Every structure is written in structure tokens, then in C-alpha cells.
Amino acid sequence: DALSTITERKVLRVAVPQDFPPFGSVGTDMAPQGYDIDMAKLIADKLGAKLELTPVTSANRVPFLQTGKVDLVISSLGKNPDREKVIDFSTAYAPFYNGVFGPADLAVKDAAGLAGKTIGVTRGSMEDLELTKVAPADATIKRYEDNNGTISAFLSGQVPLVATGNVVAAAIIARNPPKRPEMKFLIKNSPCYIGLPKGETALKEKVDAIIAEAKKDGSLNKISQTWLKSDLPTDL
Amino acid sequence: MSLIAVTELKKRFGANEVLKGINLDIMPGEVIAIIGKSGSGKSTFLRCINGLETVDEGSILVAGAQLLPDEVHLKALRLKVGMIFQQFNLFPHLSAGRNVMLSQMVVKKTGKAQAEAMARRQLERVGLAHKFDAYPDELSGGQQQRVAIARALAMEPIALLCDEITSALDPELVAEVLAVVRELAAEGMTLMMVTHEMKFARDVCSRVVFMHEGRVHEVGPPEEVFSAPKTVELQRFLGHGHA
Amino acid sequence: MSLIAVTELKKRFGANEVLKGINLDIMPGEVIAIIGKSGSGKSTFLRCINGLETVDEGSILVAGAQLLPDEVHLKALRLKVGMIFQQFNLFPHLSAGRNVMLSQMVVKKTGKAQAEAMARRQLERVGLAHKFDAYPDELSGGQQQRVAIARALAMEPIALLCDEITSALDPELVAEVLAVVRELAAEGMTLMMVTHEMKFARDVCSRVVFMHEGRVHEVGPPEEVFSAPKTVELQRFLGHGHA
Amino acid sequence: MAYVFDFTWLAEYWPLLVKGVRITLQLILIGGVLGVALGIACAWVRALGPKALRVPVAIYVELIRNTPFMIQLFFIFFGLPALGLQMGEMTAAYIAMVVNLGAYGCEIIRAGIAATPRGQFEAGASLAMTPFETFRHVVLVPSLQRIWPALSSQIVIVMLGSAVTSQIAVEDLTFAANFIQSRNFRAFETYLVSTALYLLLAIGLRQAMGLIGAAIFPKRSAR
Amino acid sequence: MIEFSTWDILRNLIFAARWTVLLSLVSFAGGGVVGLMILFARISKSKALRRFAIGYIELFQGTPLLMQLFLAFFGLGLLGVDVPAWLAAGSALILWSAAFLAEIWRGCVEAVAKGQWEASASLGMGRLQQLRYVILPQALRVAVPPTVGFSVQVIKGTALTSIIGFTELSKAGTIVTNATFQPFTVYGLVALIYFALCWPLSRYAHSLERKLHVAHRGH
Ligand SMILES: Nc1ncnc2c1ncn2[C@@H]1O[C@H](COP(=O)(O)OP(=O)(O)OP(=O)(O)O)[C@@H](O)[C@H]1O
Ligand SMILES: Nc1ncnc2c1ncn2[C@@H]1O[C@H](COP(=O)(O)OP(=O)(O)OP(=O)(O)O)[C@@H](O)[C@H]1O
Ligand SMILES: [Mg+2]
Ligand SMILES: [Mg+2]
């Protein structure tokens, strides 16, 4: 099974984002950094395996797992029934609130307010799936290949609104961009889960155990402090 | 008054002076044959008159108007003087009729119906009325050259320049083209033709110009030039020429 | 026993039957001239014997072995029969010497030194020993054709097929190539040559084959064929031929 | 591993594929027509046009031919807004395709013009046509006819290259494929189907170019 | 937060361009080898092989490289082959280049006069020997310029591998854009780096072609 393969080969292959601050982005040395990367390090440590990171996009992270190119997806992955059909999920390891963001001077209060507006979103992400459900028929949804595309489209003014995570928006603002995304309304509270290959029970149990322990011993809270600048919410 | 007046015409290609001061006056209705060795400058001379080459020195007057190398003057000149080439240069993507119609419509803005009528008339004149819709590659060389003549005539020029127009033709096709030229001469068209057909020149032309090393070396009526060449160069040229 | 035996040979290109049943036996040492109008099938006949065209019906035996279209049989055949073409077909990227060496080394796996010795010998034979290192485009047409002959000879064939090997040559170069062929004939090489050089055929050949519309129309010693042609087609052919 | 193919998703998603095909066709139709027009204009400039324009056009052609289409697209869509040039993704895609085909078309058509016998220019001139009139009425059509196969191939290449426009949210055939596979998690089947659609588009496009060629060029006799 | 200076941007892009160069080299070399095999199939005497080659070329020239990359990346994985991004990128580019190179080279082989085939055949050479010793050496001469020219297409083709997650120049461009919010500068620089890689090759191909033409005329 997958768990014993990992422990035998002593390498843990994890798909992480690299376009999704603060979960995953790059420093000036192009090395990945962020919440998800630290989470991956933590798990690799606990498994006693060497960590091998694979940068992925929102759209292709599930296929990466399906096709066995990685052992785990730690890529701010939200859970929904469709995805549960093809992969398994661990328990939640990070909070995530999907919202619609836009500049201060644009008045939008709820999903209905999106009527006639254009919203950018990353294809295949949880925001995409949820927004597609709630957006009114005459709202235009522009779907980009990856978060790079979505964020670039927002910052370069190609779309006035984006649907993304609150922390992502916060990370963008922190870098003092030309356009400041403000939260307009919340789409969904959808914490992040680690994605696992379907049917790998042993691996799932092990990962769940590591997460539970990390929650208990405060190491997960430390990651949260570093990247989200806040404590882990108690409901996680 | 002369129709074409060439004075001290000089033309260089780089360091190579090809025309070294040409003087020639041509009266309306004259038929001039230009003969001379290969490289003596015959083609260059004709091309200068048609403005295909820029002139370095000297002047060319056509119907009293000076030849100048700007677009307006060139166009005016070319409306007066037509040119026919050794290689026919028909437009391969147009039918014979369209070849004849094109420049009328583009240059003179003639209406389509009128241009077509003119094209039919000119093709008729060269004996090719029935080939109106044939494409150039469906025509023999002689037919192509006759279409080229019709095309030039359709612009109603006052003079025609012909540069070895039968040299690219198979021997059996030469006659049909020369017959058309003979007809034109008879109708009073002013013609300047570079030719190797000495017999034709003798029969049809009013004057023969012998060019040698970029100069007009001898001029005169054909009987004189062919029967009593004055210079040794012309004697030698005619000696191994086709006369 | 005949060296080359052709029986009821037929060859079609699509619907066009080019060879309509050819029968011909050639003895060792014979020199055969094949003459006939353009399109009568002369080239196709030779190409069949060399396996460059597949045969539709009939058989070709060379030195007793049947010609079959698989690579092993073809190779065996071509080792026995060499062919020389109108267009020389020297390999332009190899020097004359290398041209002669190549097939020995590749096909017969002859060692380099031995192949080179053979190449020098054969080039010597055609009078071109001094051109060993010259490239084809540095040679005249006649020299190129002589290299081609040397190249074929280096494979030590028992017969040579020559298809109009002087037709692409300027008149002054024909003689030097024919001299080589004459030499070969004198040495006893079996030769089949398509040629328009009637005088040469008359002087050198043991038999002349007249082909007409895909058939061998008349065969005989040159004196007979040229002086007393039996069929009207041959008479007509010789009438406007070069005999 | 026994992979079981599953194409049942086609029932739900085929309208998306149809839309994707439509957008891809739209891109190549408009991009193709305008791109060839731009190519002709640039070819004219480079071969016969005003000298002052030749260098800028040459720089444009070399820049485009030596950088990837995707980067051109990103530059137009994400980069140009920094200069205040904002445009929708369809506009950006059209511009990128026209600019790209224009550069390649220029070089191809220029080769066609260069192969025109000098006599054609001279015949035009001696019939009192201006250089531009000669180009327009005498040189252009035979030049295009000469290079039509090469131009057709290039248009097919540009059509296939348009797959990249999905990266800026143009909802073309590739977008449809990516969208579907992010919902049905049947990446292989989805890409297989869309690849087959592209193949059909490419074959159809080449056929269409052949027909257009047959329509605008006079057929030559066998001589 | 981290700040990127223009130098940081350029440094990272040039660093990533290394992968572009490496991937281009691998694809071009591999494409050459596979292309040669496709070429042999394309001009072989066997109808089946010819058909296969025609189909192969049609397939790879008639579908977007992007789709080929997706299929290689996700498709092969599902069929049980574990394909890392670099391998998928490399193999898709190799197969794609092979189709184009085979077609380019076929033109060059066909440019060799038919008489060369016949002369070598009549000297008893087998088909492979003919190719090896007579045809290819001659085809090679005309093949060099278009082959060098095609290498530019390969370099540009590698840009697409960014979409399947291979971090080469283009991918680095998108990542850096997202970290710096300076798309104009970043994509401008990316374009310039590609240009610096491709343009010398284009020029070289062009000058080779001219030399060949001159040589031909002087013949
Ligand atoms: N475009 C050109 N550039 C350079 N030299 C030229 C050009 N055209 C003609 N010449 C040179 O000018 C000289 C005269 O050429 P021209 O064609 O006028 O001779 P010609 O009398 O018409 O000869 P032919 O009977 O062979 O047609 C020749 O030496 C030729 O090489
Ligand atoms: N590869 C081919 N495909 C189709 N038809 C061919 C082919 N080769 C030759 N033919 C036809 O076969 C006939 C005989 O041709 P062949 O070359 O054998 O004639 P020939 O006697 O050698 O003529 P020539 O004296 O002109 O060389 C001609 O009608 C020719 O058109
Ligand atoms: Mg001349
Ligand atoms: Mg023959």
C-alpha cells in the first residue's frame, strides 16, 4: 500500500501550490514557501521521509494525485462530494473562507449583487465550484488556469472582482498591490484538507493521526501564526 | 515636330557606361528598327524611353513633354508610349481579355463594359477575339505575344516600343506576330523595335538605327543601311548577322 | 549458353503496355545496339533487365539465374550486370575515386586499400587516373560519364547496360566516351546499349535490335539491319535517323 | 493496471465542447482573415514599400517569430494594462493571433513576391500602373497562389496554437477540455476527445483553405 | 513581505531559462532520432510503414502541442506509467519535433535526384545502404538550414510545458509575476530572453540558407 511504499522509499512526494500565497508562493530564490509547504514538512518529518515538493495548479492537483505522480496533495484543497468520488480526504488542517473580493468603490453585498458583473476565479478550485452554484445567471465568470492567472487578471484590471480565499486576499494586500481586494461577501467556509489517493486507508489514518497530534501539541498553531497571523480557529 | 526626341542620353550601371550619349528624333508614324550586337545597349535605350530605367544625363521628350522620374510624369509618359517585351509578360492569373482590360480599368478608370468592349476590339485586331477567356498558359507563345500587343494597344498609345518581341518564339510562330506589327505600321502607328529580323526591318521600317557600344553608330533608311553600310562595325555586324 | 535470356517480357505502366512481349537471347561477348523511336520502350527494356522496373509477365534469366524482385535476388543480379545512365548519376558528394570505391566497400565489403587499388585501375582504364580526387562538378560531362563507366566496371560485372550514355554530352565529348566503350567491346565485355549513334552501332556492334511499339521489330547484324531493313517501320526510322 | 475508459460524461458536457469548437473556429476565422491581411501589408512594406517603414516592420516580424505565442499573449493580456491598454480576453486573443500570423504570413508572402518575375513589375509599369497598383492587381494574386500551401499550413499551426488562449480564460476548445476535466476528473478521456476534435478541425481547415484557393485562383491548365 | 528587485526578477528568469535550454536540447536531439526513424518509415518500400508514418505526422502536426502535453502527462499516468513533468514534457516535445523534422527531411530526401537512387541500386546497394551512403549525405546539405530553423520552434514549444507544471522560463515568468505584480516588466523580460535564445538561431539558419543558394547557383 501507499504508506509502506513511502516508508520504504523514504521519500514523500507532495503537491503544493506555488501561486497561492500565503499557502504557497515563492521567495526571491524561487523556493516554495507557505502554510502548505510547512504542513508538508511536518508530515514528512513525522513519516521520517525526505520531502519532495511538486508545484501544482488548482486545476491539475487532483489529476496529479489520481495518476500517482504524488502521494499527497497539500494544496489548500477543499472538500466536496464530487471530489470525494475520486480521492480521499484527511481531516482539516487549515481554515479557509471563500469570498468575493473587489476594490472598495465597487458595491457588491451578496451573490445576487454579482448580476451583470464579471468575476475571475481559478478553474477547478472550490471557489469555482461554489461560485458557479450561487452566481446569478447574468454574472460572467472568467476561469483562469491557475491562481497566477486569476490574481494577474485582477491586478491588471482584466476582472473587477475575484473569488478567492480571505487569506489569499490578505496576502495580496500585504504586498501593497496597485489594486486592493476587499472582502465583499463570504461564499463558503471551506477548510483545507489533505488529498489522498482513493482507498489508501493506512495512509489516511497515519496522516489524520499526524494532524491530530499537531493540533494538540501546538505545532499546527505555530504554522498558522506564521502564515495567517492568527490562531487556529477552535472549530477546526 | 518630332514625337520622340532623345538628346545626349547617358546611362550608367555602376561604373559601366551603357549608353554614352544618344541622339535620335522620331517623327510621328515612323517605324524604327534598332539593330546591334548583344550588349550594345538596345534594350537599355528602349527601357529609358519607357522610364523603366532612370536616366543619368541628357533628356527625352515625348510629344513635347519632358521625361521626369516622378510618378505623375512617368504615368503621363507611359500612357503615351506602350512597351512590349521579349518574354510577353502576360499576367498569368488573368484571362486574355482581363489582361487587356486591367490597365484601362485601373489606370484610366474606364468602366468595365467599356474596357471589355475595347479589349474585344483589340483582341480582334490581333486576330484573337475567340481567345478572350483563355488563360495565358493555354495560349501558344505567338498568341501570348499578340495578346501583349493588344494589351498595349488598349491604352491607345501614340507610340509602341518593342524589344525583340519575336526572339522567344519558336520559328513557326514568328510570322504571326510580325504580321500584326506590319499591320500596325501600315495603320500609321509610331514604332521603335529592337529586332534581329533583318528581312522584316528592311521591308517594313522607315529607318534603321545601328547601335554600337552605347552609341548610335549609323542611321538611315533600310536600303542604305543594309546595302551600303558605311562603318566597318556595321559591315562586320551585317556580315555575320541575318541579313 | 546465352548470358541474358529474355522471354515474353511484358511491362505495363497503369493501362499503358510499354513492353508487349520481348524475346531476346544474348551470348557472352556480344555487343548489342538497341535502336528505335522515342517512346518505343528501349529504356524500359534495359531498366527491366537491371531490376529498376518490376516485370509484369515473362522471364529474364541472367547467367542462368532468374530475375526476382526481392532484395537478395536483385543484389545478385546487379553484381552481374552494371548499368550506365544518360545523366551519369555520379554521387556529387564523393570524389571520382570515392565514387568508384563506394559500392565495392559497401556491397562487396572489399577492404579500403583493395577498393582503392581497383578504383585506380578502372579510372586508368577510362583514362582518368589523374582525376582520382576530383569531384564530379569539377569534371566535364565526358569525364563524368567515363567515371560512371569505371564505377560500373569496378563491380566486375559480366555485362554492361548503357542507356543513351552520350546523349547528354556536347558533340565534342561524345568521341571520348565512345572510345572507352569500343575498348570494352574489344576486350570481350558483353554490352547492351541504347544509342542514336548509328555509325558507332554499325562499327562496333555484333547485332542491332530495332524496337518498335514495345516489341523487338527486327534483329540482325548491323550490315543487314542498316543496309537492308526488312520492315517499313525500320526503313522509315532509318530514313530520318542519323545513319 | 486496468484502466476503464469512461465517456459517459460526454452526455452532460458536449454542449461545452461544441461551444469550445465554435470559439476556436471564431478565433481562427477572424485571426486568419485579419492576420493574412496584416501579413500582406507587411510583406508589401518589406518587399516594395516605403524604406522608412521597412526596419520597424522587420523588427516586428523578428520579435514575433522568435518568441513564444503564449508569452505574446500574456504580454498583451497581463502586461499591456500597465500601460493603460485594457482589453477583454477575446480581444487580446484576436490581437495576439493577428499579430502572430501577420509576422509569419509576412515572411511567407514575401517569398511569394520575391519569386515574381521582374517582367511582371515592368509590364505593370509600362501599362502606366503605379507600383502599388501593379502590386495590387498584378503581383499579389500569383504571389499568394505560389505560397498558398505554406500559408495554409501556417494558418493551421496558428489555429492549433490558439489552444493557449485558454490560459487567459478564452473559452475555446482547450478551455472546454480543461473545464470538463476539472469537473469530471476524467482527464485522459477528455483530452482524447478534444484532441480528436482538434485533428478534425485541422483537417477541415486545410480542406477549406484548398477550396478557398481553388475559388480565388484561376485553375491552370496542365501545361 | 519579500520584495523583488528587477535584478531578482532577471536573475530568477535567467536561472529558469537553463531548463528551457536543457529541455530544448533534449527535445531536439530526441526528436532528431525519432524523426529519423519516422523518415525511414515514411520513405520505406512497405506500404504499412508509410501509412504509419503519414498517420503519425498527421496526428502530431494536426493537434495542438498543448493537448499532446496534457495527454502525455495525465494520459500516460492513468495507463499506469508514472510520468514526472519533465519526462512528459520531454517525450511530448520529442514526439512532436519528430513529426516536423521527419516532414522537413522528407522534402530534402526528395530533393535528391531520382537518378541517385537508380545509380546506387544498379551498383547493388540495398535500400539502407543507398540511404546511408548516397542519399542522406546529399540530403543533409539542404537539410541543415531548415533544421536549424526548426530548432527555434522547439525552443518556443518548450514554453507550453509550463502549463503542465514544468518550471522553465515561462512558468518562472508567471510565478514571478504573481510574486511581484509587475506583469509588464516580467513578460517583457521573458520575451527578451526567448528572443535572445531564438534570434541567433534564426539568423544562422537564414545565412546558411543563403550560402546554400549561392552555392547552388555557382554550380
Ligand atoms: N540592370 C542592369 N544592371 C547592370 N548592368 C546592366 C543592367 N541591364 C543591362 N546591363 C548592362 O548593360 C549593357 C547593355 O545591355 P542591354 O540589355 O541594353 O544590351 P542589348 O543591346 O539589349 O543586348 P541583347 O541583344 O543581348 O538584348 C550590358 O553590358 C549589360 O550587361
Ligand atoms: N515511370 C513511368 N511511368 C509511366 N509511364 C512511363 C514511365 N517510364 C516510361 N513510361 C512510358 O513508357 C513508354 C516507353 O518509355 P521509354 O522511356 O522506355 O522509351 P524510350 O524508347 O527509352 O524513349 P527515348 O528514346 O525517348 O528515351 C513511354 O510512352 C513513356 O511515356
Ligand atoms: Mg536586349
Ligand atoms: Mg530512353
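Predicted model, so just to flag it, every value in this text is computed and none were measured. Chain naming here is simple, since letters A, B, ... match the order of the sequence lines and numbering starts at 1 in each.
More than 12 heavy atoms of other shown residues, nucleotides or ligands fall within 6.0 angstrom of atom NZ in A:Lys133. More than 12 heavy-atom neighbours from other residues, nucleotides or ligands sit within 6.0 angstrom of CD on A:Glu84. Within a 6.0 Å radius of NZ in A:Lys117, other residues, nucleotides and ligands contribute more than 12 heavy atoms.
Of all residues in residues 151-166 of chain A, those placing a non-hydrogen atom less than 4.5 angstrom from a non-hydrogen atom of chain D are A:Ser152, A:Ala153, A:Ser156, A:Gly157, A:Gln158. By a heavy-atom distance cut of under 4.5 Å, A:Val86 are the residues of residues 86-115 of chain A near chain D, going up by number.
A:Asp128 and D:Phe179 make their closest contact through OD2-CE1, 4.4 Å (heavy atoms, listed as atom of the first residue, atom of the second, distance).
If you measure heavy-atom distances from D:Phe77 to chain A, the contacts under 4.5 Å come from both the backbone and the side chain.
Two residues are said to be in side-chain contact when any heavy atoms from C-beta on lie closer than 4.5 Å; D:Arg183 and A:Thr132 meet this criterion.
When each of A:Lys85, A:Arg143, A:Arg83 is scored by its heavy-atom pairs under 4.5 Å with chain D, the top score falls to A:Arg143.
In this structure, D:Gln181 CD and A:Gln66 CD are separated by 8.5 Å, a value rounded to the nearest 0.5 Å.
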